[in-house]
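As structure tokens, the structure follows; a few thoughts come after it.
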Amino acid sequence: MDKLSLAGLFVAILAVYVGFTLDGGHLSALFELPAFIIVFGGTLGAVMLQSSMTQFTHALSLLKWVFFPPIYDMNRGINEIVSWATKARELGYLALEDTALEIEDSYTQKGLNLLVDGVELDNFRIALELDLDIYREHNLRSANVYEAMGGYSPTVGILGAVLGLIHAMSNLTEPALLGQGIATAFIATIYGVGFANLLYLPVANKIKAIIHQQTMYREMVCEGLVSIAHGENPHAIENKLSAFRLEQ
């Protein structure tokens, strides 16, 4: 579990709570079901309208990365690639066939299988880079779903505020209903801005950061496997890939 993400969410909620209650506010005043339905439902509907089913469902599947991100250990990856280079140099590429079966990462497994199959060098790099570009673009489009929610939410919050004021103005002679409409108006604005800046946009940026880390790891794998295919010395490969340690 990513403890920093969990702590960040807790700190954000705690800051809002403490800041509100210090001035004598009551937490119950921030819970307004009509405002929540307008803001959350409107934002969700707008994003569903602009997204494809594949993109939207994949975005939901990436949400777990915020608290349970995949781990990409650059040092371990470099050591594995160097060991594969040594093994291929001593026993040939076919010796990596069993290694490919043990790899969990589908991209690395594909690269090793292409290496074992003796794919032509130019086609080998093209295949790996194409796979990487498509996978990265697929994930980035799904991350943009949350970024879009961060863009729509404040605007839908304003819509909720206007609707609340319309309701309030239609009940000028009834103070109880007037107060309810004004509360919906202000809280809808809070929900719109709060959800966007405390939830949707941070989630989008966190997922994008993980995609960047994943991309760098796979670029390292690609470069390492291509170097093995060229028959480079394991020590030279390690020196070449050492630059990726900075992304750790």
Side-chain angles (χ1 to χ4, degrees), residues 1-5 54-55 58-59 61-144 147 203-248:
M1 174 180 282
D2 189 333
K3 295 181 180 179
L4 184 61
S5 293
T54 301
Q55 182 181 346
H58 187 57
S61 71
L62 294 184
L63 188 58
K64 64 178 181 292
W65 282 8
V66 176
F67 298 108
F68 299 95
I71 304 300
Y72 296 95
D73 190 330
M74 291 293 185
N75 290 323
R76 179 181 176 183
I78 292 173
N79 292 335
E80 286 182 339
I81 291 171
V82 171
S83 69
W84 300 338
T86 302
K87 192 172 183 179
R89 196 177 182 87
E90 295 175 352
L91 304 175
Y93 298 143
L94 288 176
L96 298 176
E97 188 171 12
D98 291 337
T99 302
L101 297 175
E102 300 171 356
I103 297 297
E104 295 183 0
D105 181 59
S106 59
Y107 180 81
T108 306
Q109 187 179 67
K110 177 180 179 178
L112 285 170
N113 285 329
L114 291 174
L115 189 62
V116 171
D117 292 340
V119 175
E120 186 179 345
L121 289 178
D122 290 340
N123 293 333
F124 181 73
R125 179 182 282 276
I126 290 173
L128 288 179
E129 291 181 346
L130 181 61
D131 187 280
L132 177 59
D133 289 342
I134 292 175
Y135 185 74
R136 176 177 55 195
E137 182 65 22
H138 178 55
N139 282 339
L140 284 176
R141 287 185 179 182
S142 296
N144 285 337
E147 188 169 1
V203 165
N205 290 329
K206 186 58 176 273
I207 293 175
K208 286 184 177 182
I210 294 172
I211 292 171
H212 173 74
Q213 184 184 30
Q214 182 185 62
T215 299
M216 292 301 297
Y217 181 84
R218 292 188 170 188
E219 284 180 353
M220 179 198 70
V221 170
C222 176
E223 191 62 40
L225 292 178
V226 169
S227 297
I228 293 175
H230 279 92
E232 295 182 22
N233 183 281
H235 183 66
I237 294 175
E238 183 176 13
N239 287 335
K240 179 191 294 186
L241 299 182
S242 62
F244 287 94
R245 297 185 194 275
L246 297 176
E247 289 293 324
Q248 189 64 33

Shortest non-hydrogen separation from [X] to [Y] and the atoms involved:
X	Y	result
Ile81	Gly224	CG2-CA, 3.8 Å
Asp73	Asn75	OD1-N, 3.1 Å
Ser142	Ala59	O-CB, 3.4 Å

Please set out all donor-acceptor pairs under 3.5 angstrom arising from side-chain atoms of residues 228-236, sequence neighbours excluded.
residue, atom, partner, partner atom, Å
His230, ND1, Val226, O, 2.9
Glu232, OE1, Lys240, NZ, 3.1
Glu232, OE2, Lys240, NZ, 3.2
Asn233, OD1, His235, N, 2.7
His235, NE2, Asn239, ND2, 3.4

Which donor-acceptor pairs under 3.5 Å do side chains of residues 114-125 form with protein atoms, sequence neighbours excluded?
residue, atom, partner, partner atom, Å
Arg125, NH1, Glu129, OE2, 3.2

Distance from [X] atom [atom1] to [Y] atom [atom2], nearest 0.5 Å?
X	Y	atom1	atom2	value
Ile207	Lys64	CD1	NZ	9.5 Å
Thr108	Leu225	OG1	CG	7.0 Å
Gln55	Leu140	CD	CG	11.0 Å
Asn79	Trp84	CG	CH2	11.0 Å
Thr215	Gln213	OG1	CD	10.0 Å

Item checked: Under the ring pair (Phe, Tyr, Trp, His ring centres under 6.0 Å) test, residues paired with Tyr217 that sit two or more places apart ->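 If we apply the ring pair (Phe, Tyr, Trp, His ring centres under 6.0 Å) test to Tyr217, skipping adjacent residues, the hits are Tyr72.
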Notebook entry, point to check: Does NZ belonging to Lys3 count more than 12 external heavy atoms closer than 6.0 Å?
Noted result: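 Open.
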Partner residues of [X] under the side-chain hydrogen bond (donor to acceptor under 3.5 Å, both in side chains) criterion, sequence neighbours left out:
X	value
Ser106	none
Arg89	none
Asn139	His58, Gln214

Under the rule for side-chain contact (heavy atoms from CB on, under 4.5 Å), what residues qualify as partners of [X], not counting sequence neighbours?
X	value
Asn144	Glu147, Lys208
Glu137	Arg141
Ser242	Arg245
Asp2	Leu4, Ser5, Pro69, Lys206

Next item on the list: Quick one: which residue pairs count as a salt bridge (Lys or Arg N to Asp or Glu O under 4.0 Å) with a foot in residues 92-108, not counting sequence neighbours?
Entry: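 Non-adjacent pairs meeting salt bridge (Lys or Arg N to Asp or Glu O under 4.0 Å): Asp105-Arg218.
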Notebook entry, point to check: For Tyr107 and Leu128, what are the C-alpha separation, side-chain angles and deciding distance, and is it a side chain to side chain contact (heavy atoms under 4.5 Å, CB included)?
Noted result: CA-CA 8 Å; Tyr107 180 81; Leu128 288 179; 3.4 Å; yes
Item checked: Close side-chain approach of Glu80 and Thr99, heavy atoms under 4.5 Å ->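 No. Closest side-chain heavy atoms not under 4.5 Å.
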